[in-house]
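Proteins come first, then strands; the chains are lettered A, B, ... in the order of their sequence lines, and each starts at number 1.
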2 protein chains.
Amino acid sequence: MSRPASPPPSDRRQELAEQATDHVLAHGLIGLSLRPLARAIGTSDRMLLYHFADKGDLVATVLRLANDRSVDGLAALPRSSGPSAAVHDLWAALSSSPLLGYVRVYVEASALGLLGEEPYAGVVAESNRSWYAALAAHLRESGVPDHLADRATGLVDACVLGLLLDLPLGERDAGHRERRTAVVADLAATVAALSEAPSGD
Amino acid sequence: MSRPASPPPSDRRQELAEQATDHVLAHGLIGLSLRPLARAIGTSDRMLLYHFADKGDLVATVLRLANDRSVDGLAALPRSSGPSAAVHDLWAALSSSPLLGYVRVYVEASALGLLGEEPYAGVVAESNRSWYAALAAHLRESGVPDHLADRATGLVDACVLGLLLDLPLGERDAGHRERRTAVVADLAATVAALSEAPSGD
DNA sequence: TGGGTGTTGTAGCGGTTGCTACATTCGAGC
DNA sequence: GCTCGAATGTAGCAACCGCTACAACACCCA
């Protein structure tokens with residue numbers, strides 16, 4: 001109430017939020033604490049709590065920023081040559097920088113919000129909507145018929161999120177990497193088949 | 001070296017591990033700390049660190065236990081009447097107690113291990129293997145041909161994990177729940193189609 | 001009966017956490 | 001020039017963290 005939570009999105013606050021987001025991308029969200037973060041971005045915990053109402057306010061701001069960036073990155077994807085290519089291109093983009101970082105933060109936030117803890121659960125719910133819309137737009141632009149885009153988006157979203165959750169496993173297990181590419185291929189084929197069928201199923 | 005990390009899996013250690021697992025299922029893994037955990041299960045942090053080498057040892061034990069229970073639960077599923085039903089039954093089982101709790105802990109552990117932090121990353125890698133095998137067994141028993149079980153398992157595993165990550169969103173968004181059931185249906189249809197095709201794709 | 005050995009309680013260490021009280025600096029408007 | 005408010009530094013609070021030193025039990029074996 002006393003400190004400006006959002007009223008004046010002062011330049012300094014915005015700048016700190018950007019830097020904090022970069023730091024979270026590099027070091028993760030789960031263990032985040034104010035003093036190391038402040039040290040890393042060249043300020044003090046005191047100043048973070050001056051520009052943000054509390055840690056939750058800062059975290060929520062960072063999460064929204066990361067989501068904005070990832071939605072922008074998704075929107076900037078060139079349209080693919082068809083539904084199958086759209087899935088392959090999407091996975092290629094999401095599994096490498098910079099989008100990978102953003103989605104990883106989303107996964108961390110989801111895990112933190114699994115039991116309903118705020119601000120994680122709330123911001124994840126917000127983010128999901130815009131993310132979902134951007135994903136659907138990409139699929140539509142790439143040839144998925146409008147009336148099926150929603151179904152395809154749900155399938156792709158779930159699959160991709162699940163793959164990302166186990167992404168680190170591929171670093172030590174070649175078999176896991178192979179299975180992953182097979183899943184992407186099967187998913188692409190499914191979306192393509194769905195898009196070509198006159199009626200769903 | 002001094003304290004028994006694993007040599008004598010004393011009854012007391014085992015009992016504490018079971019109780020700690022129950023507590024983690026109810027209160028989450030991410031914020032876990034020794035003193036509240038000890039208080040909740042009727043012992044002291046001192047005793048936890050007597051029976052377990054350190055917090056990491058305890059966490060690893062809990063994660064393995066949770067994974068064992070979830071694999072057992074998966075193995076106990078009655079065989080379904082076909083590949084499509086197998087997916088529906090699987091989702092029904094995973095999205096409700098007790099399996100839901102175990103998978104939720106797995107998701108938390110994956111998030112904690114996203115940046116390679118131990119013991120999370122290591123145990124998640126272990127768990128993934130046995131979990132994957134159990135999932136494949138269920139699909140095979142339910143009519144997915146052997147030579148396609150691996151592909152189907154990868155697809156189902158990724159999808160289901162992704163759906164579970166966003167499960168809480170359904171509690172405040174009816175539209176999200178609808179999309180979820182659609183995804184499960186599409187996934188079931190995909191697995192069924194995959195199982196009936198003479199050659200994949 | 002005495003001495004281990006395995007288990008537990010008490011107390012505390014050094015460090016970190018989010019957050020705040022207080023004092024200071026600085027720059028813009030009267 | 002002076003004041004006033006926004007921005008920043010210093011210091012510290014109370015709580016918590018993982019972990020450990022030390023002492024006290026209880027029990028079995030000699």
Side-chain angles (χ1 to χ4, degrees), chain A residues 1-21 23-24 27-63 108-109 112-113 117-120 122-123, chain B residues 1-20 23-24 27-63 108-109 112-113 115 117-120 122-123:
Chain A
M1 190 67 80
S2 59
R3 217 60 48 71
S6 59
S10 67
D11 292 353
R12 185 67 183 132
R13 177 184 158 108
Q14 187 62 24
E15 188 182 349
L16 285 175
E18 299 277 355
Q19 292 178 270
T21 303
H23 182 264
V24 165
H27 299 88
L29 172 68
I30 290 183
L32 184 67
S33 62
L34 296 182
R35 263 177 273 244
L37 165 64
R39 206 178 311 127
I41 66 179
T43 181
S44 67
D45 58 329
R46 173 65 185 76
M47 289 319 299
L48 290 176
L49 290 168
Y50 176 73
H51 289 284
F52 300 88
D54 52 22
K55 186 189 175 185
D57 180 27
L58 194 165
V59 166
T61 306
V62 163
L63 288 180
E108 285 191 83
L112 280 163
E117 191 180 339
E118 295 300 345
Y120 308 104
V123 180
Chain B
M1 189 64 80
S2 59
R3 217 61 48 71
S6 61
S10 65
D11 292 352
R12 185 67 184 132
R13 178 184 157 106
Q14 187 63 24
E15 187 182 350
L16 286 175
E18 300 277 355
Q19 292 178 271
H23 181 263
V24 165
H27 299 87
L29 172 67
I30 290 183
L32 185 68
S33 62
L34 296 182
R35 264 179 272 242
L37 165 64
R39 204 179 313 126
I41 67 179
T43 179
S44 66
D45 58 330
R46 173 67 185 74
M47 289 320 299
L48 290 176
L49 291 168
Y50 175 75
H51 289 284
F52 301 89
D54 51 23
K55 187 190 174 183
D57 181 26
L58 194 164
V59 166
T61 306
V62 163
L63 288 180
E108 285 191 83
L112 281 164
L115 287 100
E117 191 181 338
E118 296 299 346
Y120 307 103
V123 180

Checklist entry - Which atom names give the shortest non-hydrogen contact between Pro119(A) and Gly56(A), and what distance separates them? => result CG-O, 3.6 Å

Checklist outcome for this item: In this structure, CG of Leu48(B) is separated from CG of Asp54(B) (nearest 0.5 Å) by 12.0 Å

Table please: side-chain donor-acceptor pairs of residues 27-40 of chain B below 3.5 Å, with sequence neighbours left out.
residue: His27(B); atom: ND1; partner: His23(B); partner atom: O; Å: 3.2
residue: His27(B); atom: ND1; partner: His23(B); partner atom: NE2; Å: 3.4

Checklist entry - Atom CG of Leu48(B) and atom C1' of dT7(C): how far apart are they, to the nearest Å? => result 14 Å

Next on the checklist: Within this structure, what is the CG-CG distance for the pair Asp45(B) and Leu58(B), rounded to the nearest 0.5 Å?
Outcome noted: 11.5 Å

Item to check | Contacting residues from residues 29-39 of chain B, given that a heavy atom lies under 4.0 angstrom of DNA chain D | outcome: Leu32(B), Ser33(B), Leu34(B), Arg35(B), Pro36(B)

Item to check | Rounded distance [0.5 Å steps], NE2 in His51(A) versus CZ in Arg46(A) | outcome: 9.0 Å

Item to check | Euclidean distance, atom CG of residue Leu49(A) to atom C1' of dT17(C) [Å, nearest integer] | outcome: 11 Å

Nucleotides 25-27 of chain C: which of its N/O atoms have a protein N/O under 3.5 Å away?
none

Item to check | Contact summary for Asp57(B) and Thr61(B), nearest pair of heavy atoms | outcome: O-OG1, 2.7 Å

Checklist entry - Within the structure shown, what part of the strands sits under 4.0 Å from Asp45(A) by heavy-atom distance: base, sugar-phosphate, or nothing? => result base

Next on the checklist: I need the minimum non-hydrogen distance between Ile41(B) and Ala20(B), along with the two atoms involved.
Outcome noted: CD1-N, 4.3 Å

Item to check | For the student: nearest non-hydrogen atoms of Arg12(B) and Gln19(B), plus distance | outcome: NH1-OE1, 4.1 Å

Checklist entry - Shortest non-hydrogen contact from Ala17(B) to Val62(B)? => result O-CG2, 4.2 Å

Kindly give the atom pairs (protein nitrogen or oxygen, nucleotide nitrogen or oxygen) under 3.5 Å for nucleotides 6-8 of chain D.
residue: dA7(D); atom: OP2; partner: Tyr50(A); partner atom: OH; Å: 2.7
residue: dT8(D); atom: OP2; partner: His51(A); partner atom: NE2; Å: 3.2
residue: dT8(D); atom: O4; partner: Arg46(A); partner atom: NH2; Å: 3.2

Checklist outcome for this item: Across all chains, not counting sequence neighbours, the side-chain contact (heavy atoms from CB on, under 4.5 Å) partners of Glu117(A) are Tyr120(A)

